[in-house]
Trainee: 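Have a look at the structure that comes next, please.
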Amino acid sequence: GHTDLIAHLAVDPFQPDIIATVSCDQSLRLWDLSQHQSHQITVMSFKQQAETPLSVCYHPRRMGLMAIGFDSGCTGIYVYNGHNKEWRTLCTSDEKRGTSPPILQVGFALLKGTSSRLMSWALNGMMSAYDESTHFHKTAVIDTHIRQQQKKTQRRMIERGMAINN
């Protein structure tokens, strides 16, 4: 099993007895809970990349497809083939490792038709969108941290009776 703190877990939407866990031991593990006790199916290690996975989610429509958010500020999309027990890296974000804040949450949103969007949320409040139609390249960034700071500043100015110029 894991040798350090489990940071996050996700339930496979196609096989509810299968869960994925990511840990500070720099690994993702799949578990089978169908026999009323946990049985480890596979391990994917990120020690060679020196990355710690902090968040994991399954794609709601694509069996075996999952996204992982890392402490390096990168996200990755991986496919697990249970028949031959192989992992394949579908893509990783184009951020330079270690230059962005850690990714605390990842999740897929379903779009019209069969497309989807991966959303990530970083420690600094930044949200990023990666659209399936662009092979999960970044398509949008929402800087919620700056907006929150602006609102706090505006509130302080109003409390002090200062005029706000927009």
Trainee: Could you tell me which non-hydrogen atom of R117 sits nearest to which non-hydrogen atom of L111, and how far apart they are?
Mentor: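 Scanning both residues completely, I find the closest heavy atoms to be NH1-CD2, 3.9 Å.
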Trainee: Starting from the C-alpha separation in whole Å, work towards a yes-or-no answer on side chain to side chain contact (heavy atoms under 4.5 Å, CB included) for Q26 and Q49.
Mentor: CA-CA 9 Å; Q26 297 179 312; Q49 298 95 319; over 6 Å; no
Trainee: Who passes side-chain contact (heavy atoms from CB on, under 4.5 Å) against S34, sequence neighbours left out?
Mentor: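 So S34 forms a side-chain contact (heavy atoms from CB on, under 4.5 Å) with D17, D32.
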Trainee: Fit a plane to each ring of Y80 and W87, take the angle between them on a 0 to 90° scale, and name the class: parallel (under 30°), tilted (30 to 60°) or perpendicular (over 60°).
Mentor: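 Plane angle between 30° and 60°, so tilted.
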Trainee: Which value, rounded to the nearest 0.5 Å, describes the distance between T92 atom OG1 and F136 atom CZ?
Mentor: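 It is 13.0 Å, given to the nearest 0.5 Å.
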Trainee: Search all heavy atoms of S27 against all heavy atoms of P53 and return the closest pair with its distance.
Mentor: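 Closest approach of S27 to P53, heavy atoms only: O-CG, 3.6 Å.
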Trainee: List the steps, then state whether side chain to side chain contact (heavy atoms under 4.5 Å, CB included) holds for I77 with L118.
Mentor: CA-CA 9 Å; I77 299 177; L118 172 64; 3.9 Å; yes
Trainee: Look up atom OG in S72 and atom CZ in F46, then write down how far apart they are to the nearest 0.5 Å.
Mentor: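 Going from OG on S72 over to CZ on F46, the span is 10.5 Å.
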Trainee: Can you give me the closest heavy-atom contact between T52 and S23, atom names plus distance?
Mentor: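 Where T52 meets S23 most closely, the heavy atoms are CG2-O, 3.8 Å.
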Trainee: Please state whether the rings of H59 and F108 are parallel, tilted or perpendicular, taking 30° and 60° as the class boundaries.
Mentor: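 Aromatic pair H59/F108 classed tilted.
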Trainee: May I have the step-by-step check of side chain to side chain contact (heavy atoms under 4.5 Å, CB included) for S128 and V141, ending in yes or no?
Mentor: CA-CA 4 Å; S128 298; V141 175; 4.2 Å; yes
Trainee: Hydrophobic clustering (ILVMFWY, side-chain heavy atoms < 4.5 Å, transitive) - are I142 and L104 grouped together?
Mentor: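 In one cluster with L104: I142, yes.
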Trainee: Work out which heavy atom in D25 is nearest to a heavy atom in T3; give both atom names and the distance.
Mentor: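 Heavy atoms of D25 and T3 come nearest at OD2-N, 2.9 Å.
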Trainee: Find the distance between CE (M63) and OH (Y58) and round it off to the nearest 0.5 Å.
Mentor: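 Here the rounded value is 10.0 Å.
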Trainee: Between M66 and L28, does a side chain to side chain contact (heavy atoms under 4.5 Å, CB included) hold up when you go through it step by step?
Mentor: CA-CA 11 Å; M66 59 184 71; L28 172 137; 3.8 Å; yes
Trainee: Any ion pair linking E132 and R61 (charged N to carboxylate O, less than 4.0 Å)?
Mentor: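 Looking at E132 together with R61, the answer is no, because their closest N to O distance does not fall below 4.0 Å.
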Trainee: Please check if Y78 and V11 belong to a single hydrophobic cluster, counting links between Ile, Leu, Val, Met, Phe, Trp and Tyr side chain heavy atoms closer than 4.5 Å.
Mentor: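 No, Y78 and V11 fall in different hydrophobic clusters.
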Trainee: Quick check: do P60 and F14 have side-chain heavy atoms less than 4.5 Å from each other?
Mentor: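 A side-chain contact under 4.5 Å is absent here.
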Trainee: With sequence neighbours excluded, tell me which residues meet salt bridge (charged side-chain N to carboxylate O under 4.0 Å, His left out) with D12.
Mentor: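 Applying salt bridge (charged side-chain N to carboxylate O under 4.0 Å, His left out) to D12 gives none.
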Trainee: Show the nearest heavy-atom pair for residues S55 and V106, with the distance to one decimal.
Mentor: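 Shortest heavy-atom separation between S55 and V106 comes out as OG-N, 3.2 Å.
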Trainee: Quick check: is L123 connected to L54 through a chain of hydrophobic side chains (ILVMFWY, heavy atoms under 4.5 Å apart)?
Mentor: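 Cluster IDs for L54 and L123 match.
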Trainee: Going from CD1 on I103 to CE on M127, what distance comes out if it is rounded to the nearest 0.5 angstrom?
Mentor: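 Going from CD1 on I103 over to CE on M127, the span is 12.0 Å.
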Trainee: Using every non-hydrogen atom in the two residues, find where S120 and T75 come nearest and quote the distance to one decimal.
Mentor: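 So the minimum-distance heavy-atom pair works out to CB-CG2, 3.8 Å.
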Trainee: Just jot down the side-chain contact (heavy atoms from CB on, under 4.5 Å) partners of T21, sequence neighbours excluded, or say none.
Mentor: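 With neighbours one apart ignored, the set is H2, I6, L9, I19, R29, W31.
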Trainee: To the nearest 0.5 Å, tell me how far Q105 CD sits from W121 CH2.
Mentor: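 Those atoms lie 8.0 Å apart.
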Trainee: Can you tell if the side chain of P101 reaches within under 4.5 Å of the side chain of M126, non-hydrogen atoms only?
Mentor: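 No; the side chains remain at least 4.5 Å from each other.
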Trainee: When rounded to the nearest 0.5 angstrom, what distance separates CG in D131 from OG in S116?
Mentor: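 Nearest 0.5 Å value for the CG-OG distance: 8.0 Å.
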